[in-house]
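Okay, handing you the structure first.
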Amino acid sequence: MFTMQIRNASLSFADRKILRDVSFTLDQDTRAALAGANGCGKTTLLKVITGLISADSITVSKTKGMLVSYLPQSDIVLPEKTVYEVAEEGYARFSVLTEELERISEELGGKCEGDSYTHLITRMNEINERLDEAGYHQRKSRIEQILQGLGFRMSDMDKPSSTFSGGWQMRIALARILIEDPDMLLLDEPTNYLDIEAMVWLKNYLRNFHGGVMLVSHDQGFLDDTVNTVYELFSGRLTRYSGNYTSYLKQREAEIAQIEKAYAEQQAEIEKTEDFIERFRYKATKAKQVQSRIKQLEKIELIEIPAHLKKLSFSFPEAPHSGNDVMITEHLFKAYGDNVIFDDLSFIIRKNERLAITGRNGQGKSTLLRILAGQDPDFRGTVRDGAGVKKGYFAQDSEKTLTDGNTVLEEVESVADTKDIPRLRSLLGAFLFNGDDVFKKVAVLSGGEKSRLSLLKILLHPCNLLLLDEPTNHLDINAKEMLLEAIKAYNGTVVFVSHDTHFIKNLATRILYLSDDRPEFFEGDYDYFAYKLEEKEARFLEKEKEKPLSSAVSAKAQSHQEQKAKRNLIQKLEKESEALLGTCDELRAKLTALEEEMAKPEVYSDAARITSLVSEKEKTEALLEAKEEEWFELSERIESEKKALS
């Protein structure tokens with residue numbers, strides 16, 4: 001089993017501690033999400049693991065030859081090559097072998113009769129065997145399958161990668177590291193810019209992936225389908241939770257209730273202490289007690305509630321009355337030159353409906369929403385508003401409607417009802433504008449911040465038909481949940497474009513799916529729609545299974561009894577491995593406690609005591625080293641047994 005162990009990772013930027021003595025283990029069975037508030041250091045941790053950022057201190061131990069691949073969430077720089085050529089770089093690690101093979105072929109070509117060349121043929125066979133095991137000679141088929149799974153067409157393969165948008169370049173980079181077939185995948189927001197078909201494909205790919213996976217994502221539905229462990233990064237410390245993301249939220253909810261209770265008790269105690277100090281500050285007879293209370297306050301370690309798990313709430317203004325038929329679309333035709341987007345599309349949007357528009361990128365989702373919003377008059381057919389309809393439209397470029405000279409607070413005050421003014425600060429906090437952020441000028445905001453601010457402005461505006469294009473972009477999971485609950489309670493009609501599976505599943509009453517075929521409506525909940533997409537993906541996978549297996553996956557069949565015995569042995573060894581990891585964690589905790597004790601002034605000035613502690617520390621370090629070595633040997637044995645079983 002390939003294993004990667006990270007121990008005592010610490011990193012500070014100025015006086016801010018990003019990582020505080022973080023330790024955890026990843027292996028080829030890992031399916032983990034990395035959770036935490038925006039800006040807590042998730043990306044930094046992934047970069048520290050891969051060595052892209054230097055930590056103040058860290059120990060990384062991994063199995064010899066283990067390949068770790070990392071996909072950043074931004075700053076992707078692709079070489080000046082075609083889409084296919086960039087993806088093929090996933091096989092670059094074999095270039096040393098192919099070059100050696102070429103040299104041997106040339107050398108054999110120059111051999112005369114009678115020359116000894118047995119060793120060259122032996123080496124050539126070894127290289128060819130390794131390349132066959134890796135599927136190197138069948139790479140064209142695999143590269144095309146992965147690129148197509150991520151939404152590329154065969155006609156895209158020979159196009160320069162530089163001609164694609166940033167979102168599509170991210171897909172090319174994702175394809176390249178999937179093609180690398182590493183032992184450990186570290187993925188930072190891999191679902192950004194993926195349409196729903198590509199997400200279904202990636203979800204199934206990761207389910208069948210032979211190595212370990214750690215990923216950051218703001219798509220809760222995707223996480224629920226792909227992970228069985230969640231690591232939460234909060235205040236620089238990492239905590240592990242078993243189960244998928246929804247399970248983590250439930251566990252965390254119970255913990256948050258306890259934290260909130262402790263927080264309330266601490267605040268009450270602080271208030272009482274501050275009251276005492278203020279009451280007796282100027283009484284000489286109480287000076288000693290006052291100083292004592294001041295020191296108590298200074299020593300208090302304030303309890304914090306994780307920002308990404310705070311309960312956020314938002315409610316829409318009351319929707320004005322509208323007729324039952326909110327919008328009628330008849331015989332809609334739209335084309336860009338020879339590219340026909342819609343041809344004879346007709347449908348009715350009913351009052352209180354939640355219509356989700358989803359499908360592959362480039363199929364006209366945003367175009368349709370612009371037409372419905374009255375922003376694009378260049379079409380044939382009829383789009384008619386119902387009686388009393390008042391529209392609110394959020395486009396992906398809605399930040400263009402913002403006033404650069406306004407502060408964030410002034411911008412929302414310009415559209416808010418008088419009754420909403422007192423709660424604007426808390427609403428801005430829900431949209432990730434905290435503290436002094438509300439006084440920033442709009443001109444200095446990032447693209448994501450402007451998008452969030454534009455969305456909040458739309459939501460504060462009274463209307464009875466909301467048209468939302470990717471409203472969850474740039475929101476974290478908690479803010480998405482707040483928006484979801486608010487829309488559920490909203491008494492108007494909603495038409496939204498989204499690829500967020502959790503959002504669609506919990507909100508849509510009807511789904512319009514746009515693909516290469518004719519637009520298709522799915523009545524009812526998300527489950528049937530998901531079933532049809534899974535069915536499509538299953539047909540694709542079935543075709544793949546029909547292809548001949550490589551020598552890497554062919555093996556002699558074992559009897560049922562032998563397989564059962566081996567599985568039982570592996571299970572027993574894995575339990576021993578878990579127990580050893582627990583022992584190692586306990587020994588590390590003991591070392592930390594010893595070091596803290598040794599650092600106390602009253603201890604290091606006591607020669608006898610410090611000698612005893614040093615001796616105990618040395619023994620503990622030796623025991624930890626022995627246990628870790630035992631664990632590594634056990635991991636190698638588990639890997640060997642699993643290989644024999646496969």
| query | Taking atom CG of Asn324 as the centre, does the number of heavy atoms from other residues, nucleotides or ligands within less than 6.0 Å exceed 12? | reply | no
| task | Could you tell me which residues satisfy side-chain contact (heavy atoms from CB on, under 4.5 Å) with Ser366, sequence neighbours excluded, listed by chain and number? | result | Arg370, Gln396, Asp469
| Side chain proximity check, Phe222 to Leu215, heavy atoms < 4.5 angstrom | yes
| said: Under the criterion side-chain contact (heavy atoms from CB on, under 4.5 Å), I'd like the reasoning laid out for Phe316 against Cys463: C-alpha separation, chi angles, the key distance, then a yes or no. | reply: CA-CA 9 Å; Phe316 286 93; Cys463 60; over 6 Å; no
| query | Counting only N and O atoms by type, is there a donor-acceptor contact under 3.5 Å from the side chain of Arg31 to the main-chain atoms of Thr226? | reply | no
| query | Do we get Arg452 above Phe431's six-membered ring, with its NZ or CZ under 6.0 Å from the centre and within 45° of the axis? | reply | no
| request: Tell me, yes or no, whether the heavy-atom count around Lys17 atom NZ, taken from other residues, nucleotides or ligands under 6.0 Å, exceeds 12. | output: no
| Within-4.5 Å side-chain heavy-atom neighbours: Gln73 and Val216 | no
| query | Taking all atoms of both residues into account, what is the closest heavy-atom pair of Pro462 and Pro320, and its distance? | reply | C-CD, 4.4 Å
| field | Chi angles and distances behind the side-chain hydrogen bond (donor to acceptor under 3.5 Å, both in side chains) call for Gln363, Ser515 | value | CA-CA 6 Å; Gln363 296 297 325; Ser515 65; 6.0 Å; no
| said: With no hydrogens and no angle check, just 3.5 Å: does a side-chain donor-acceptor pair link Glu318 and Asn491? | reply: yes
| message | Donor-acceptor check, side chain of Asp325 to backbone of Gly386, threshold 3.5 angstrom: yes or no? | response | no
| Just wondering, do Phe496 and Ile357 contact through their side chains at under 4.5 Å, heavy atoms? | no
| field | CA sep, side-chain torsions, deciding dist, call: Thr246, Gln220, side-chain hydrogen bond (donor to acceptor under 3.5 Å, both in side chains) | value | CA-CA 8 Å; Thr246 297; Gln220 185 175 334; 3.2 Å; yes
| request: For side-chain contact (heavy atoms from CB on, under 4.5 Å), just list the numbers for Leu465 and Leu467, CA-CA rounded to whole Å, side-chain angles, deciding distance to a tenth of an Å, and then say yes or no. | output: CA-CA 6 Å; Leu465 173 59; Leu467 301 163; 4.2 Å; yes
| When you measure from the side chain of Tyr393 to the backbone N and O of Gln375, does any donor-acceptor pair fall under 3.5 Å? | no
| Looking at residues at least two apart in the chain, or sitting in another chain, which of them share a side-chain contact (heavy atoms from CB on, under 4.5 Å) with Ser247? | Asn244, Gln251
| query | Which atom names give the shortest non-hydrogen contact between Ser346 and His331, and what distance separates them? | reply | OG-N, 2.7 Å
| said: When you compare the side chain of Leu194 with that of Leu202, does any pair of heavy atoms fall below 4.5 Å? | reply: yes
| said: Using modelled atom types and a 3.5 Å cut-off, is there a donor and acceptor pairing between side-chain atoms of Lys365 and backbone atoms of Arg360? | reply: yes
| request: Show your working on side-chain hydrogen bond (donor to acceptor under 3.5 Å, both in side chains) between Asn361 and His499 and close with a plain yes or no. | output: CA-CA 10 Å; Asn361 286 348; His499 297 306; 3.2 Å; yes
| Any side-chain heavy-atom pair from Lys488 and Leu507 closer than 4.5 angstrom? | yes
| Any ion pair linking Arg171 and Asp195 (charged N to carboxylate O, less than 4.0 Å)? | yes
| query | Do the ring planes of Phe529 and Phe522 sit parallel (below 30°), tilted (30 to 60°) or perpendicular (above 60°)? | reply | perpendicular
| Polar side-chain atom of Thr163 near backbone of Lys159 as donor-acceptor pair, under 3.5 Å | no
| said: Taking Lys440 first and then Asp437, would you say they form a salt bridge - that is, a charged N and a carboxylate O separated by under 4.0 Å? | reply: yes
| message | List the residues meeting salt bridge (Lys or Arg N to Asp or Glu O under 4.0 Å) with Lys450, not counting sequence neighbours, and say none if there are none. | response | none
| Exam field: side chain Thr358 to backbone Ser498, donor-acceptor pair closer than 3.5 Å | yes
| field | Side-chain heavy atoms of Leu402 within contact of Lys457, under 4.5 Å | value | yes
| Between Val200 and Asn204, does a side-chain contact (heavy atoms from CB on, under 4.5 Å) hold up when you go through it step by step? | CA-CA 6 Å; Val200 168; Asn204 287 322; 3.8 Å; yes
| Quick one: do Arg350 and Glu353 make a salt bridge, cutoff under 4.0 Å? | no
| For Leu147 and Ala175, which heavy atoms make the closest approach, and how far apart are they? | CD2-CB, 3.6 Å
| request: May I ask you to say whether Glu255 pairs ionically with Arg252, meaning some side-chain N is under 4.0 Å from a carboxylate O? | output: yes
| said: Measuring only between side-chain heavy atoms, which start at C-beta, is Thr367 closer than 4.5 Å to Tyr336? | reply: yes
| Any donor and acceptor pair, going by atom type alone, linking the side chain of Lys334 with main-chain N or O of Asp378 inside 3.5 Å? | yes
| task | Just do the side-chain hydrogen bond (donor to acceptor under 3.5 Å, both in side chains) check on Thr501 and Asp219 with the steps written out, would you? | result | CA-CA 7 Å; Thr501 53; Asp219 189 315; 3.0 Å; yes
| request: Please check if atom CZ in Arg380 has more than 12 non-hydrogen atoms from other residues, nucleotides or ligands closer than 6.0 Å. | output: no
| said: Set out, in order, the CA-CA distance, both residues' side-chain angles and the distance that settles side-chain contact (heavy atoms from CB on, under 4.5 Å) for Met214 and Leu187, then state yes or no. | reply: CA-CA 6 Å; Met214 174 175 266; Leu187 306 175; over 6 Å; no
| Salt bridge Asp500-Lys480, side-chain N to carboxylate O under 4.0 Å | yes
| task | Kindly say whether Gly405 contributes a backbone atom to a donor-acceptor pair with the side chain of Thr403 at under 3.5 angstrom? | result | no
| task | Taking all non-hydrogen atoms of both residues into account, name the closest pair between Leu78 and Ala173 and its distance. | result | CD2-CB, 4.4 Å
| task | Report the residues that fulfil side-chain contact (heavy atoms from CB on, under 4.5 Å) with Arg425, sequence neighbours left out, ordered by chain and then residue number. | result | Leu409, Val438, Phe439
| query | Is the backbone N or O of Gly36 less than 3.5 Å from a side-chain atom of Lys42, with the two atoms forming a donor-acceptor pair by type? | reply | yes
| field | Heavy-atom pair of closest approach, residues Tyr245 and Ala35 | value | CE1-CB, 4.0 Å
| said: Ignoring hydrogens and geometry beyond distance, is a side-chain donor-acceptor pair present between Ser217 and Thr191 at under 3.5 Å? | reply: yes
| Counterpart residues, ring-ring contact (aromatic ring centres under 6.0 Å, His included), relative to Phe164 (two or more places apart) | Phe152
| query | Looking only at atom types and distance, does a side-chain atom of Asn506 sit under 3.5 Å from a main-chain N or O of His502, one as donor and one as acceptor? | reply | yes
| Residue list, side-chain contact (heavy atoms from CB on, under 4.5 Å) with Asp338, at least two apart or on another chain | none
| field | Minimum side-chain heavy-atom gap Tyr70-Ile177 below 4.5 Å | value | no
| request: Answer yes if the side chains of Asn228 and Ser242 hold a donor-acceptor pair under 3.5 Å, and no otherwise. | output: no
| query | Once you round to the nearest 0.5 Å, how far does CG of Leu428 lie from CD of Glu411? | reply | 10.5 Å
| message | Could you check whether Asp385 pairs with Lys391 (Lys NZ or Arg NE/NH1/NH2 to Asp/Glu carboxylate O, under 4.0 Å)? | response | yes
| Val389 to Ser322 - nearest heavy-atom pair and separation | CG2-CB, 4.4 Å
| field | Near-ring test Phe379/Phe342, centroid separation under 6.0 angstrom | value | no
